[in-house]
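Let me begin by presenting the structure, written as structure tokens, before commenting on it.
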Amino acid sequence: MKKLSLVSLLLVLVLLLTACGGSAIEGTWKLKNVTVGGSGDLFAQSLAAVSAEGGSLTLSFRGGTMTMAIDAQGKADSNSTGYKINGDKLELEGTTLSFSVSGDALTLTDGTTEMEFTRI
């Protein structure tokens, strides 16, 4: 009986810890591909150019802070901002993006531009 109670207690503890875990978006992601749907999105076009020229862009999500690091033309820069997750929406600095995580793949989209990332 004591053994069953202990196993039950451990199972409840594991389930509680799993429920309190971070979002699937937490971690570090490297830009793999950008698909630009509209011609007016200069930021997305710039990201596509960085990737095409061998540069890199990474996003790190940790505890409500997103850090974007870019390495292009031999220069590195980074910037951090807060973020919130609301269902399948990523909210940051007044911008809302839809996101999906499937294994080691993250997709962000604003409806016209789609960015694909790989977990690193």
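Treat the numbers as computed from the prediction; the structure is a model and nothing was measured. Nothing fancy with the numbering, it's 1 onward along the sequence.
- In terms of heavy-atom proximity, Arg119 sits nearest to Gly27 at NH1-CA, 4.0 Å.
- With values rounded to the nearest 0.5 angstrom, Leu31 atom CG is found 10.0 Å from Leu106 atom CG.
- Tyr83 pairs by the ring pair (Phe, Tyr, Trp, His ring centres under 6.0 Å) definition with Phe61, not counting sequence neighbours.
- To the nearest 0.5 angstrom, Leu90 atom CG is 5.5 Å from Leu97 atom CG.
- For residues 84-104, the set of pairs meeting the ring-ring contact (aromatic ring centres under 6.0 Å, His included) definition, not counting sequence neighbours, is empty.
- The heavy-atom pair separating Ile85 from Ser23 by the smallest distance is CG1-OG, 4.1 Å.
- Across every non-hydrogen atom of Thr28 and Ser60, the tightest pair is OG1-OG, 3.1 Å.
- Residue pairs meeting the side chain to side chain donor-acceptor pair (under 3.5 Å) criterion with at least one member in residues 95-108, sequence neighbours excluded, are Lys89-Ser98.
- Taken to the nearest 0.5 Å, the OG1 atom of Thr109 stands 7.5 Å off from the CE atom of Met115.
- In terms of heavy-atom proximity, Arg62 sits nearest to Glu26 at CA-OE1, 3.7 Å.
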Handout entry: Intermediate values then yes/no, side chain to side chain contact (heavy atoms under 4.5 Å, CB included), Ile25 and Phe117
Key = CA-CA 11 Å; Ile25 202 170; Phe117 295 83; over 6 Å; no
